[in-house]
Amino acid sequence: RVIGSIYVRLMPNGQVLVFNDTCTHLGCKVDYQAAEKRFFCPCHQSAFELDGKRQNQTPPRDLDELKAEVKDGVVWVKYQNFRTATAKQEAI
Ligand code: FES
């Protein structure tokens, strides 16, 4: 059963950065744009750096990073959804 979707970024030191792919503006799904090296939301043009930081003022906050760790080659993620349209990150 699908409970959500994420982006996982493998860092040079072997750690992973994991983001909920929900736009923090109003909840559309962000796309990864390899050529621009960013995440982009087609709904209202929110853009985010690859570290999740917002690139413009459309989204109220950065992408929501999820807790994750790598154990024996498997990525374990604490999946959560968060309220959109608010500067403060609130789990729902
Ligand atoms: Fe992503 Fe509005 S929902 S920019």
Side-chain angles (χ1 to χ4, degrees):
R1 184 171 114 180
V2 177
I3 59 170
S5 50
I6 59 175
Y7 283 106
V8 179
R9 182 175 175 208
L10 179 61
M11 303 304 287
N13 66 2
Q15 296 297 307
V16 290
L17 274 181
V18 179
F19 299 104
N20 187 313
D21 73 349
T22 301
C23 180
T24 57
H25 182 228
L26 294 176
C28 293
K29 295 297 182 185
V30 298
D31 298 322
Y32 169 61
Q33 294 183 323
E36 288 82 8
K37 295 185 176 166
R38 68 178 183 177
F39 297 105
F40 182 77
C41 182
C43 292
H44 314 99
Q45 324 286 295
S46 285
F48 304 88
E49 305 281 349
L50 294 182
D51 65 359
K53 300 264 187 284
R54 60 185 180 159
Q55 286 184 332
N56 58 36
Q57 298 302 306
T58 304
R61 65 176 185 273
D62 300 339
L63 283 178
D64 293 312
E65 187 172 347
L66 300 174
K67 290 183 181 164
E69 63 181 316
V70 180
K71 280 190 204 165
D72 299 324
V74 177
V75 179
W76 292 85
V77 177
K78 180 180 179 184
Y79 185 80
Q80 286 185 288
N81 285 311
F82 300 90
R83 191 172 312 284
T84 60
T86 176
K88 184 177 174 203
Q89 187 187 59
E90 291 178 53
I92 54 174

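All of these numbers come straight from a predicted model, not from anything done at the bench.
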Fill in the blank from the handout: dist Asp62:CG -> Gln55:CD (nearest 0.5 Å) comes out at 11.0 Å
Handout entry: Connected via hydrophobic side-chain network under 4.5 Å: Leu10 and Val8
Key = yes
Fill in the blank from the handout: Per side-chain hydrogen bond (donor to acceptor under 3.5 Å, both in side chains), Asp64 is matched among Gln89, Gln80, Arg83 by Gln89
Exercise for the section: Kindly work out whether a path of hydrophobic side-chain contacts (I/L/V/M/F/W/Y, heavy atoms less than 4.5 Å apart) joins Tyr79 to Val70. Expected result: yes
Handout entry: Asp31 side chain vs Gln33 backbone, donor-acceptor pair below 3.5 Å
Key = no
Handout entry: Reported CZ-to-CD distance for the pair Arg54 and Glu49, which is rounded to 0.5 angstrom
Key = 12.0 Å
Handout entry: pair Tyr7-Leu63: side-chain heavy atoms closer than 4.5 Å
Key = no
Exercise for the section: Just do the side-chain contact (heavy atoms from CB on, under 4.5 Å) check on Phe48 and Thr24 with the steps written out, would you? Expected result: CA-CA 10 Å; Phe48 304 88; Thr24 57; 3.9 Å; yes
Exercise for the section: Rounded to the nearest 0.5 Å, what's the gap from CD on Gln45 to SG on Cys23? Could you check? Expected result: 10.5 Å
Problem - Pairwise side-chain contact, Ile6 with Asp21, heavy-atom cut-off 4.5 Å (strictly under) - result: no
Practice task
Look at the side-chain heavy atoms of Ile, Leu, Val, Met, Phe, Trp and Tyr, link any pair under 4.5 Å apart, and say whether Phe82 and Val18 land in one connected group.
Solution key: yes
Practice task
Examine Ile3 and Trp76 and state if one hydrophobic cluster contains both, with Ile, Leu, Val, Met, Phe, Trp and Tyr joined whenever side-chain heavy atoms are less than 4.5 Å apart.
Solution key: no
Practice task
Could you tell me whether Asn13 atom CG has more than 12 heavy atoms of other residues or ligands within 6.0 Å of it?
Solution key: yes
Problem - From CG (Leu50) to CZ (Arg9), nearest 0.5 Å - result: 5.0 Å
Practice task
May I ask you to decide if the ring planes of Phe39 and Tyr32 are parallel, tilted or perpendicular, using 30° and 60° as cut-offs?
Solution key: tilted
Completion exercise
When rounded to the nearest 0.5 Å, the distance separating CG of Asn56 from NE2 of His44 is 12.5 Å
Exercise for the section: Could you tell me whether the side chain of Leu66 reaches within less than 4.5 Å of the side chain of Lys78, counting heavy atoms only? Expected result: no
Problem - Heavy-atom closest pair, residues His25 and Pro59 - result: CB-CA, 4.1 Å
Problem - pair check: Cys43 + Cys28, SG-SG < 2.5 Å - result: yes
Exercise for the section: Check whether any side-chain heavy atom of Val30 lies under 4.5 Å from a side-chain heavy atom of Cys41, and answer yes or no. Expected result: yes
Handout entry: Minimum heavy-atom distance Val77-Ala68, with the two atoms named
Key = CG2-CB, 4.1 Å
Exercise for the section: Side-chain contact test, heavy atoms from C-beta onward, threshold under 4.5 Å: evaluate it for Met11 versus Val16 and give yes or no. Expected result: no
